[in-house]
Amino acid sequence: MALVLYNTLTRRKEAFEPLKPDHVGMYVCGPTVYDSAHIGNARPVIVFDVLYRLLTRLYPAVTYVRNITDVDDKINQRAKDLGEPIDIITARTTKMFHDDIAELNVLPPTIEPRATAHINQMIAMIETLIAKGFAYEAEGHVLFSVPSMSDYGSLSRRSMDEMIAGARVEVAPYKKNSADFVLWKPSTPDLPGWDSPWGRGRPGWHIECSAMSGQYLGTTFDIHGGGQDLVFPHHENEIAQSVCANGAPFARYWLHNGYLMVEGEKMSKSLGNFFTVRELLAQAPGEAIRLCMLSSHYHQPFDWTAEGLKQARATLDRLYTALRSANVDAEPGAAPIEVMAALEDDLNTPLAIAHLHELATALNKAESNADKAKAKAALLASGQVLGVLQQDADAWFKWQPDGAAAGLSDSEIEALIQARTDARKAKDFAESDRIRKHLIDLGIILEDFPQGTTWKRV
RNA sequence: GGCCGGGUGGCAGAGUGGUGAUGCAGCGGACUGCAAAUCCGCGUACGUCGGUUCAAUUCCGGCCUCGGCCUCCA
C-alpha cells in the first residue's frame with residue numbers, strides 16, 4: 001500500500017512521491033491571530049495533524065510548517081476596537097490557539113513561523129519580483145502583475161476574463177489590472193509598519209506564506225494544505241509569487257479540506273451559528289470534538305451538529321469501554337494494515353474509524369490474555385495515528401466540563417458504589433437499586449462486572 | 001452568469017461493474033438479582049429518466065435538487 005492523495009492541482013487522486021524519498025515537507029496555512037479559534041479553524045488543524053501523524057509513520061523525516069499570521073488588517077481593526085496594543089492581542093490569541101488545539105490532541109508542527117519575524121524575507125522576495133518584471137510599484141504599494149504570469153489561475157481553474165467579470169469590489173485606481181494583488185502596502189504612523197525600499201509599510205496577505213514556506217521547505221516542496229476557501233485567491237497568489245520569484249515549481253500536492261456547516265447551514269457570524277473551540281470544550285471532551293471532525297472525509301463539506309458530537313462521544317465510550325474491560329497491559333506498536341490502508345487512501349478517516357470499531361469488537365470477544373493484549377495493542381496503535389484513545393479510560397469516563405456545577409465528587413461516587421455493593425452482597429436489591437437510581441439521576445451510570453463496578457458520567 | 005462539489009437504509013457516513021461497510025437508533029436472543037456494558041441474529045439503501053453492459057448504486061448523458069466559490073474567510 002502506498003499513500004494516495006487528492007491533488008487540487010490535477011483534481012484527482014495521485015500516488016504521493018516525495019521530492020526526497022526520506023524527507024517530506026508540508027506547509028499548512030495557520031491562523032490569523034485576532035480572535036478565538038472556531039470550529040472552522042479547527043478542521044484543517046485536525047485534518048492535517050492526522051496527515052502529519054501518518055507521514056511520520058511512512059517516512060523517516062517530516063518537516064511540518066504551520067504559520068502564525070500576526071500582521072493583518074483584521075488584527076489592526078481588533079486592536080483599534082479593543083484599544084489594546086497589537087502584540088498583546090496576537091500573543092494572547094496565539095496562546096489561546098495553542099491551548100485550544102492541544103485539547104484537541106493536535107501535535108505541534110515542526111516549525112511554527114510568525115509572519116512578523118520574516119518581513120525581511122518578504123521584502124527580498126518582492127524585490128526579486130519587481131526585478132524580474134512580475135511586480136510594480138504604484139503610490140507606495142507594490143502589486144503583483146497578474147497578466148505577467150501566463151498560467152495564472154491554474155490551481156483554481158479561473159481565466160483572467162472570469163476574474164475581471166467576477167470582480168465585485170471597486171478596483172483601486174493604482175492597479176494596472178483589476179486582478180493585480182497587493183504585495184506591500186503603505187502604513188500610516190498608527191499602523192504596524194516596516195522600512196522598505198517603498199517606504200514604511202506592511203506586507204499583503206499572501207506574501208508571508210511564500211516567503212516562509214520557501215525559507216523552511218525550499219522553493220519546491222511536497223505538500224501544501226489549507227481550507228478550500230483558500231484556493232482562491234490565497235493559494236493561487238502564493239503560487240504566482242513563488243513560481244515567478246523562484247523560477248521553480250512551488251508545492252507539488254495541494255490538499256484542501258472542505259467547508260464547515262453548522263446544523264445544515266453555512267457557518268457565519270450573522271446567523272449566530274458560530275462555535276469557538278473553547279465553547280465546545282465546555283460541552284464535550286476535546287477528543288470527542290476531534291473524532292467528530294474525522295468522522296467524515298476531509299474533502300467533503302462537514303456538517304457540524306450537536307447530534308454528531310453526541311455520536312462521537314458514544315463512539316469513544318464504546319472504544320474506551322473495550323480498552324477498560326481488557327485487563328491486560330498492551331504496548332501499541334504499528335497500526336494494523338487495514339487502518340493504515342484506509343488512511344493511505346487519501347486520508348479516509350471514516351473508514352479508519354469503522355476499523356476501530358471492528359478492532360474494539362475483536363477486543364471485546366478476545367478470551368485469552370494473549371489475544372486481548374494483541375487486540376488492545378492494535379486498537380491503541382490505530383488510535384495513535386488518528387490522535388485518539390491515548391488517555392486513561394477511567395479519565396475519559398470521568399470527564400466533566402471545567403467549572404461544572406459540581407455534582408458528586410469521584411470519591412463520593414465511589415463511596416455510594418461501595419454502599420451499593422454491600423447492599424447487593426446482602427441481597428438488599430431494593431437498596432442497591434435505589435442507590436443506582438440516585439446516581440443515574442445525577443448523570444452517573446454504573447456497570448457491573450465480575451471484577452467490580454465501573455461508572456461513567458454522561 | 002462562470003467554475004466546483006454533493007444527493008446512499010430512521011440518522012450519521014464509507015465504498016464498490018456482480019455476496020458483508022461501520023456506528024447510532026429499532027426489533028429478537030444470550031448474559032445479568034434487575035439493569036448497564038458486551039456478544040449473537042434481524043433491514044427489498046444507493047435523487048430521477050434514459051444509455052452502455054450478461055450485469056449499474058458504481059461508467060456515460062439529460063433532468064431535478066442541495067451546497068459552495070467568483071479577491072474578508074480555515
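Note: CG (L351(A)) to C1' (G20(B)) measures 13 Å, nearest angstrom. Computed from coordinates, the R157(A) CZ to G68(B) P distance equals 22 Å when rounded to whole Å. For the pair F232(A) CZ and C70(B) P, the computed distance is 9 Å after rounding to whole Å. In this structure, L356(A) atom CG and A12(B) atom P are separated by 22 Å, rounded to whole Å. The distance from atom CG of L316(A) to atom C1' of G23(B) is 12 Å, rounded to the nearest whole Å. If you measure from atom CG of D49(A) to atom P of A74(B), you get 19 Å, rounded to the nearest angstrom. We find that NZ of K425(A) is positioned 14 Å from P of G33(B), with the value rounded to whole Å. With rounding to whole Å, Q228(A) atom CD is found 14 Å from C70(B) atom C1'.
The residue I353(A) sits apart from the nucleic acid: no heavy atom pair falls under 4.0 Å. The residue H355(A) sits apart from the nucleic acid: no heavy atom pair falls under 4.0 Å. Counting non-hydrogen atoms under 4.0 angstrom, F181(A) reaches nothing in the nucleic acid. Among the protein residues, K74(A) comes within range of the sugar-phosphate backbone only, with heavy atoms under 4.0 Å from sugar or phosphate atoms but none that close to a base. In this structure, N348(A) reaches the sugar-phosphate backbone alone: every heavy-atom distance under 4.0 Å involves primed, P, OP1 or OP2 atoms, never a base. G40(A) comes within 4.0 angstrom of a base, heavy atoms only.
Using atom C1' as the reference point in both A37(B) and C59(B), the two lie 46 Å apart (nearest Å). Taking the C1' atoms as reference points, C31(B) lies 9 Å from U38(B), given to the whole Å. When the P atom is compared between C4(B) and A14(B), the two are found 22 Å apart, to the nearest whole Å. U44(B) and C40(B): their C1' atoms are spaced 24 Å apart (whole Å). Atom name P, nucleotides A55(B) and G50(B): the rounded distance is 16 Å, in whole Å. Taking atom C1' on both G13(B) and G6(B), the two are 14 Å apart, rounded to the nearest angstrom. If you take atom P in G1(B) and the same atom in G43(B), they sit 46 Å apart, rounded to whole Å. For G33(B) and C27(B), the P atoms lie 24 Å apart once the distance is rounded to whole Å.
For H299(A) and H256(A), the gap between ring centers reaches or exceeds 6.0 Å. Aromatic ring centroids of H38(A) and F275(A) lie 6.0 Å or more apart.
Mapping N237(A) and G30(A) onto RNA chain B by nearest heavy atom places N237(A) closer to the 5' end of the strand. Nucleotides of RNA chain B nearest to L230(A) and A430(A) differ in position, and the one nearer the 5' end is that of A430(A).
Between K95(A) and D99(A) a salt bridge is recorded (basic side-chain N to carboxylate O distance below 4.0 Å). A salt bridge is absent between D346(A) and K13(A): the closest approach of a Lys/Arg side-chain nitrogen to an acidic carboxylate oxygen does not fall below 4.0 angstrom. Using a 4.0 Å cut-off between charged nitrogen and carboxylate oxygen, E367(A) and K372(A) do not count as a salt-bridge pair. Comment: D329(A) does not engage K376(A) in a salt bridge, judged by the lack of any side-chain N to carboxylate O separation of less than 4.0 angstrom. Under 4.0 Å is where a charged nitrogen must lie from a carboxylate oxygen, and between R290(A) and E287(A) no such pair does.
Partners of K185(A) by side chain to side chain contact (heavy atoms under 4.5 Å, CB included), not counting sequence neighbours, listed by chain and number: D73(A), H141(A), V182(A), R202(A).
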Pick out the pairs of N or O atoms, protein on one side and nucleotides 35-43 of chain B on the other, that lie under 3.5 Å.
residue : atom : partner : partner atom : Å
A35(B)  : N1   : D448(A) : N            : 3.2
A35(B)  : N1   : D448(A) : OD2          : 3.1
A35(B)  : N3   : R436(A) : NH1          : 2.8
A36(B)  : N1   : D448(A) : O            : 3.2
U38(B)  : O3'  : N364(A) : ND2          : 3.0
C39(B)  : OP1  : N364(A) : ND2          : 3.2
C40(B)  : OP1  : K365(A) : NZ           : 2.8

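If you check C3(B) for Watson-Crick or wobble pairing at under 3.5 angstrom, you find it paired to G68(B). Of all nucleotides present, none satisfies the Watson-Crick or G-U wobble test against G17(B) with each distance under 3.5 Å. Base pairing annotation: A35(B) forms no Watson-Crick or G-U wobble pair, as no partner gives both donor-acceptor distances under 3.5 Å. The nucleotide G41(B) finds its pairing partner in C27(B), both defining distances of the Watson-Crick or G-U wobble pair being shorter than 3.5 Å.
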- Message: Quick one, Y27(A) with M212(A), criterion side chain to side chain contact (heavy atoms under 4.5 Å, CB included). Give me CA distance, side-chain angles, the key distance, then yes/no.
- Response: CA-CA 9 Å; Y27(A) 187 94; M212(A) 294 189 287; 3.9 Å; yes
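If you check distances only, the side chain of D433(A) does reach the base of G33(B) with a donor-acceptor pair under 3.5 Å.
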